[in-house]
**Q** 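Structure below; questions to follow.
Count residues from 1 along the sequence. Counting convention: from 1, in listed order, for ligands and their atoms alike.
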Amino acid sequence: MSFNEKKASDVPTNHPRYLSLKHRHKIIDGMHDLVVAEAGLIAHGRGECFDYILGEKTNKFAEKAIKAAVAFLLLADHPIISVNGNAAALCAKELALLSQCINAPLEINLFYRKKGRIEAINTLLEKHGASNVLGINMNKMIEIEELSSNRRRVDPNGIYISDVVFVPLEDGDRTEALKKMGKKIIAVDLNPLSRTSIWADITIIDNIVRALPQMVRISKEFKSKDKAFLNEIIVNYDNLNIIHEALDHIIKYVKSQKSKAFDILKK
Ligand code: PTJ
């Protein structure tokens, strides 16, 4: 079997970087199955780099953002979860679960159009329990004037009428365009300085493979809470502070690694 034919599950569990390799292989497998765009591999690598200097864990600032994000989604009139290739390859099950929990449809919205990709992503989402996935029928799509990329085509029953859009892993252009349309944006992005992170109303600076399961857990907990409880979380949330906390954390983490990075050689 060649390397390319190896499936994500083939990564040896005792490898010191097991989780990281497992996710890499999911992205590679996703590319072979048309789910992930070629550029998705590069985007994943950029994400890995930021994850490394965030300590590869869900930090306090991400936990706060996750709670605010769930509160926002539960209070929305028309929440929607936008799905691209990378998000589907890494978190299809969690996307389907979150969609059910917060009662928000999933909409496939791609930057890189290629024949068969939408169908491949839809099949993967359905395999993991998603129903009523939007963004499938291109003849029904409406174009957002503010945007020139492929992402401008949106579903009239989904992103177009939404008030809160959840975009796990995104390119900056669309976040800006959706904001200009008056929508509230929740993003997951490992890069605290990306245009998406800066433009979003709530920026979850974490890896989607950790953030999405947390969001599902918090959604189950918050679902039974009243509006006042959810509003309180949003009122006390400050995204600028969250981004500053993430940047401070990176500075501190890199400094701490400077003093102990070579300890590994002493073992
Ligand atoms: O499937 P498509 O055609 O819609 O294309 C999707 C990609 C991701 C290729 C497209 O949206 C793109 O090119 O995105 P960018 O501009 O590279 O931005 C991706 C952002 O996601 C970067 O800021 C990365 O740091 C971040 N990122 C990558 N992997 C993860 C991540 N953030 C959270 N979790 C990750 N696993």
Side-chain angles (χ1 to χ4, degrees), residues 8 19-59 61-62 65-66 69 81-92 94-95 106-122 124-125 133 135 138 147-154 159 165-178 185-200 202-215 243 246-247 250:
L19 272 184
S20 173
L21 279 182
K22 192 178 93 168
H23 297 135
R24 247 184 213 193
H25 282 233
K26 276 191 170 185
I27 291 286
I28 296 170
D29 292 344
M31 191 197 70
H32 291 304
D33 296 342
L34 283 181
V35 168
V36 174
E38 283 89 346
L41 272 68
I42 298 164
H44 185 78
R46 188 186 323 183
E48 277 187 346
C49 184
F50 280 100
D51 207 9
Y52 215 86
I53 55 172
L54 282 162
E56 293 180 303
K57 65 183 175 73
T58 301
N59 292 289
F61 47 84
I66 285 171
I81 304 171
S82 180
V83 181
N84 66 15
N86 287 47
L90 292 173
C91 299
E94 290 76 14
L95 287 167
L106 299 169
E107 176 168 338
I108 301 172
N109 184 275
L110 303 180
F111 190 82
Y112 296 99
R113 284 287 151 96
K114 190 177 189 178
K115 200 168 177 287
R117 277 197 74 204
I118 290 178
E119 293 73 14
I121 294 171
N122 187 33
L124 181 66
L125 292 171
V133 178
M138 280 305 117
L147 200 55
S148 56
S149 80
N150 277 326
R151 288 204 197 273
R152 71 184 177 279
R153 295 190 201 100
V154 296
I159 291 173
V165 190
F166 176 42
V167 286
L169 215 159
E170 176 69 39
D171 58 288
D173 275 10
R174 191 170 64 131
T175 310
E176 189 180 337
L178 293 174
I185 306 292
I186 301 166
V188 185
D189 197 326
L190 281 158
N191 177 2
L193 291 172
S194 75
R195 289 177 53 239
T196 297
S197 289
I198 304 294
W199 272 98
I202 297 177
T203 309
I204 302 168
I205 302 158
D206 197 10
N207 198 318
I208 54 169
V209 300
R210 293 187 300 268
L212 265 279
Q214 276 276 73
M215 286 182 81
I243 291 178
L247 291 170
I250 289 175

**Q** Just to be sure I'm reading this right: ignoring hydrogens, which of Asp189, Leu193, Thr196, Val36 gets closest to atom 22 (C) of ligand 1? Compare them by their nearest heavy atoms.
**A**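 Minimum heavy-atom distance to atom 22 (C) of ligand 1 goes to Asp189.
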**Q** Hey, which atoms in ligand 1 end up nearer than 4.0 Å to a heavy atom of Leu90?
**A**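 Within the 4.0 Å cut-off of Leu90, ligand 1 contributes 36 (N).
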**Q** Return the residue, atom name and 0.1 Å-rounded distance of the protein heavy atom closest to atom 36 (N) of ligand 1.
**A**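 Ranked first by proximity to atom 36 (N) of ligand 1 is Asn207 OD1, 2.8 Å.
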**Q** Could you tell me if Arg151 and Ser82 have a donor-acceptor pair between their side chains, going purely by distance under 3.5 Å?
**A**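 No pair is found: no donor N or O on one side chain lies under 3.5 Å from an acceptor on the other.
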**Q** Considering only residues two or more places apart or on different chains, which pairs with a residue in residues 34-45 satisfy salt bridge (charged side-chain N to carboxylate O under 4.0 Å, His left out)?
**A**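 For residues 34-45, and leaving out neighbouring residues, the salt bridge (charged side-chain N to carboxylate O under 4.0 Å, His left out) pairs sorted by first residue read Glu38-Lys114.
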**Q** Atom 5 (O) of ligand 1: which protein heavy atom is closest, and how many Å away?
**A**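 Going atom by atom, the protein heavy atom closest to atom 5 (O) of ligand 1 ends up being Tyr112 CD1, 3.7 Å.
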**Q** With rounding to the nearest 0.5 angstrom, report the CD1 to CZ distance, Ile250 to Phe50.
**A**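 These two atoms lie 6.5 Å from each other.
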**Q** Can a donor-acceptor pair be found, under 3.5 Å and without considering hydrogens, that links the side chain of Glu94 to the backbone of Leu212?
**A**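 Not confirmed, Glu94 side chain does not pair with Leu212 backbone.
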**Q** Short question: side chain of Thr203, backbone of Ser197 - any donor-acceptor pair under 3.5 Å?
**A**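 It does hold such a pair.
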**Q** Ignoring hydrogens and angles, tell me if any N or O in the side chain of Asn59 forms a donor-acceptor pair with the backbone of Leu54 under 3.5 Å.
**A**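 Flag set: sc Asn59 to bb Leu54 pair under 3.5 Å.
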**Q** Looking at Gly40, which atoms of ligand 1 are within less than 4.0 Å of one of its heavy atoms?
**A**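 Checking each atom against Gly40, I get 9 (C).
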**Q** Sequence neighbours excluded, which residues qualify as side chain to side chain donor-acceptor pair (under 3.5 Å) partners of Asn84?
**A**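 Asn84: no side chain to side chain donor-acceptor pair (under 3.5 Å) contacts found.
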**Q** So which protein heavy atom does atom 16 (O) of ligand 1 come closest to, and at what separation?
**A**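 Here the nearest protein heavy atom works out to Asp171 CB, 3.7 Å.
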**Q** So which bit of Arg151 gets within less than 4.0 Å of ligand 1, heavy atoms only: side chain, backbone, both or neither?
**A**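 Near ligand 1, Arg151 shows its side chain, while the N, CA, C and O stay back.
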**Q** What residue and heavy atom of the protein are closest to atom 4 (O) of ligand 1, and at what distance?
**A**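 Here the closest protein heavy atom is Phe111 N, 2.8 Å.
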**Q** So, regarding Arg117 and ligand 1 (criterion: nitrogen or oxygen to nitrogen or oxygen, under 3.5 Å), is there a contact or not?
**A**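 Between Arg117 and ligand 1, an N or O pair is found under 3.5 Å apart.
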**Q** If you measure from atom 20 (C) of ligand 1 to every heavy atom of Glu170, Arg174, Arg46, which option wins on shortest distance?
**A**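 The nearest heavy atom belongs to Glu170.
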**Q** For ligand 1, which atoms sit closer than 4.0 Å to a heavy atom of Gly85?
**A**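 Listed by number with element: 1 (O).
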**Q** Return the residue, atom name and 0.1 Å-rounded distance of the protein heavy atom closest to atom 32 (N) of ligand 1.
**A**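 Here the nearest protein heavy atom works out to Leu190 N, 3.2 Å.
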**Q** Look at atom 6 (C) of ligand 1 and say which protein heavy atom is nearest, naming residue and atom and giving the distance to 0.1 Å.
**A**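 Heavy-atom neighbour on the protein nearest atom 6 (C) of ligand 1: Asn84 ND2, 3.7 Å.
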**Q** Provide, to 0.1 Å, the distance between atom 28 (C) of ligand 1 and the closest protein heavy atom, together with that atom's residue and name.
**A**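 For atom 28 (C) of ligand 1, the nearest protein heavy atom is Ala43 O, 3.1 Å.
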**Q** Between Arg195 (side chain) and Glu176 (backbone), is there a donor-acceptor pair under 3.5 Å?
**A**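 A pair under 3.5 Å: no.
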**Q** Looking only at protein heavy atoms, which one is nearest to atom 34 (N) of ligand 1, and what is the separation?
**A**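 Its nearest protein heavy-atom neighbour is Ile208 N, 3.0 Å.
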**Q** If only atom types and distance count, is the side chain of Asn191 paired as donor or acceptor with the main-chain N or O of Gly47 below 3.5 Å?
**A**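 Judged by distance alone, no pair lies under 3.5 Å.
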**Q** Among Asp206, Ile205, Leu169, which residue places a heavy atom closest to atom 8 (C) of ligand 1?
**A**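 Nearest option to atom 8 (C) of ligand 1, by heavy atoms: Leu169.
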**Q** Return yes or no for this condition: an N or O of Val35 is under 3.5 Å from an N or O of ligand 1.
**A**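 No, Val35 has no N/O under 3.5 Å of an N/O on ligand 1.
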